[in-house]
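We name chains A, B, ... by the order of the sequence lines, and we start the count at 1 in each one. The basis for the numbers below is simple: all heavy atoms, side chains too, and nothing from hydrogens, waters or symmetry mates.
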Amino acid sequence: MPELPEVEVSRLGITPHILNQTIDKIVIRQRQLRWLIPEEINDAVGLEISAVKRRAKYLLIETQAGTIILHLGMSGKLRVVPVETALVKHDHVDICLSNGMCLRFNDPRRFGACLWQASDSEGLDIMNNLGPEPLTDDFDGQRLFELSRTKSQAVKNFIMDNKVVVGVGNIYANESLYLSKVNPLKSAKKITKKQYLLLAENIKLVLARAIKQGGTTLKDFAQADGQPGYFAQELHVYARKGEECKVCSTEIESVVIGQRNSFYCPKCQA
DNA sequence: AATCTCGCCTGAAGGC
DNA sequence: TGCCTTCAGGCGAGAT
């Protein structure tokens with residue numbers, strides 16, 4: 001499932017193949033993703049891709065007229081393939097390029113999105129009000145500490161709140177809490193400043209490490225070249241219910257927090 | 001204001 | 001074999 005590292009790995013994978021290429025045509029086979037793909041996306045046709053960026057888990061493909069915004073949702077995959085490559089089920093969108101290749105978006109569960117943000121617009125609501133990027137200096141333990149003082153919610157939900165920090169999904173929330181020896185169920189305002197300083201560092205560490213490993217391949221994720229990511233081998237708690245904690249050998253437990261399955265060591269994260 | 005719950009969607013896995 | 005149920009979950013919208 002694509003989280004921030006997977007989106008970044010996809011970005012790094014596709015950029016050399018699409019940067020500075022001209023968009024010849026956009027083929028939409030399934031318009032109904034999380035949101036309808038807007039007609040205005042065709043304003044990008046005939047224009048050159050000037051940059052490929054990422055904000056939170058959104059991939060931004062920029063042109064002079066505006067930006068194509070892609071979200072991989074739960075099961076989205078991006079491949080760069082020759083335009084004549086045979087289609088497979090759930091190939092919803094092709095962004096065809098003048099070099100004969102196309103950026104092909106496949107998403108079985110259709111939780112993903114393909115949107116258009118015109119250069120002269122004020123920006124999409126979903127892009128405004130996003131918190132800081134976790135891998136920049138705008139995000140640190142001090143911020144977590146300050147924002148959490150009034151929050152009674154579970155610390156795991158708190159760090160997964162996009163207004164607090166973007167891009168921390170279920171896998172990496174579980175892993176960073178484990179590394180920081182913080183119980184995911186604990187109220188956010190009861191976590192100490194010292195613990196938040198550690199937690200912020202571990203969020204950065206886990207995300208950066210996962211990007212280096214090419215993301216986490218569980219069921220759905222593959223890199224732009226179709227290769228799997230290797231971070232799954234480094235998971236300490238996620239999807240390891242009943243297995244032994246790598247530190248103390250206690251059985252990993254799971255509990256549902258905010259409708260998401262959560263994993264922790266009851267001894268290390270007491 | 002803060003926080004919780006729902007719903008979108010398909011495929012894999014498990015029970016019978 | 002095949003049908004049914006359950007689960008996976010990002011994130012906005014709506015409810016509490």
Side-chain angles (χ1 to χ4, degrees), chain A residues 1-10 29-38 54-60 69-78 87-93 105-115 117 123-131 133-134 144 146-177 184-191 203 207 210 215-222 228-229 231-232 235 237-242 254-263:
Chain A
M1 49 206 77
E3 295 200 28
L4 183 145
E6 289 73 23
V7 178
E8 183 64 12
V9 168
S10 292
R29 302 183 193 85
Q30 169 58 271
R31 186 170 293 277
Q32 183 66 58
L33 301 179
R34 183 189 171 106
W35 299 287
L36 277 182
I37 301 175
R54 178 188 59 74
R55 175 76 173 104
K57 295 176 189 171
Y58 297 95
L59 199 65
L60 310 175
I69 299 177
L70 293 173
H71 194 293
L72 300 181
M74 282 297 303
S75 55
K77 284 190 264 301
L78 287 170
L87 294 170
V88 298
K89 202 172 180 183
H90 309 303
D91 278 342
H92 302 316
V93 182
F105 180 64
N106 180 291
D107 185 12
R109 271 170 266 185
R110 285 194 264 146
F111 275 30
C114 180
L115 300 169
Q117 179 172 290
L124 304 181
D125 287 347
I126 56 163
M127 298 304 293
N128 300 327
N129 304 319
L130 287 174
E133 287 290 326
L144 288 181
E146 287 170 8
L147 290 180
S148 64
R149 293 308 82 194
T150 58
K151 307 281 187 177
S152 60
Q153 65 186 153
V155 62
K156 178 160 179 276
N157 284 342
F158 174 66
I159 61 171
M160 291 179 73
D161 182 341
N162 264 345
K163 290 186 283 300
V164 174
V165 57
V166 301
V168 182
N170 198 30
I171 295 176
Y172 301 108
N174 279 301
E175 292 298 311
S176 57
L177 287 164
L185 287 162
K186 195 166 178 179
S187 170
K189 64 184 174 189
K190 293 190 174 176
I191 308 290
I203 287 171
L207 291 174
T216 304
T217 298
L218 290 173
K219 290 178 192 150
D220 299 318
F221 180 70
F231 192 72
L235 295 178
V237 287
Y238 185 82
R240 293 191 68 241
K241 182 185 183 181
S254 75
V255 59
V256 175
I257 307 173
Q259 296 178 306
R260 293 180 187 89
N261 211 350
S262 308
F263 303 86

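Between the A:Asp161 side chain and the A:Phe158 main chain, no donor and acceptor come within less than 3.5 Å of each other. Side chain of A:Arg109 to backbone of A:Gly73: no donor-acceptor contact under 3.5 angstrom is found. Side-chain atoms of A:Ser254 never come within 3.5 Å of backbone atoms of A:Asn261 as a donor-acceptor pair (strictly under, hydrogens ignored). A donor-acceptor pair is defined here as one N or O able to donate and one able to accept, closer than 3.5 Å; no such pair exists between the side chain of A:Gln153 and the backbone of A:Ser187. Side-chain N or O atoms of A:Arg149 include one that pairs as donor or acceptor with a backbone N or O of A:Lys189 at under 3.5 Å. Side-chain N or O atoms of A:Arg55 include none that pairs as donor or acceptor with a backbone N or O of A:Leu60 at under 3.5 Å.
Atom pair A:Trp35:CH2 and C:dG10:P shows a separation of 14 Å (rounding to whole Å applied). A straight line from CG of A:Asn170 to P of C:dA8 spans 9 Å, rounded to a whole angstrom. Distance CE (A:Met74) to C1' (C:dC7): 10 Å, rounded to an integer number of Å. At whole-Å resolution of the value, NZ in A:Lys241 and P in C:dA8 are 9 Å apart. Atom-to-atom, CG of A:Asn261 to P of C:dA8 comes out at 5 Å; the value is rounded to the nearest Å. Counting to the nearest Å, the P atom of C:dC7 and the OH atom of A:Tyr238 are 14 Å from each other. Note: CG (A:Leu72) to P (C:dG9) measures 16 Å, nearest angstrom. Across the protein-nucleic acid pair, A:Lys89 atom NZ and B:dA12 atom C1' stand 13 Å apart, rounded to whole Å.
Within the 4.0 angstrom heavy-atom criterion, only backbone atoms of the sugar-phosphate kind lie near A:Arg110; the bases stay farther away. Here A:Asp107 lies out of heavy-atom contact (under 4.0 Å) with every strand.
The side chain of A:Tyr58 has C:dG12 as its nearest neighbour among C:dG12, B:dC9, C:dG10.
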### Query
Reading nucleotides 2-8 of chain B from the 5' end, what letters show protein touch, with B for base, S for backbone sugar-phosphate only, - for no heavy atom under 4.0 Å?
-SSSBBB

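OP1 and OP2 of B:dT10 both lie 4.0 Å or more from every side-chain N or O belonging to A:His90.
Using a 3.5 Å distance cut-off with no hydrogens or angles, the side chains of A:Asn170 and A:Asn174 do pair a donor with an acceptor.
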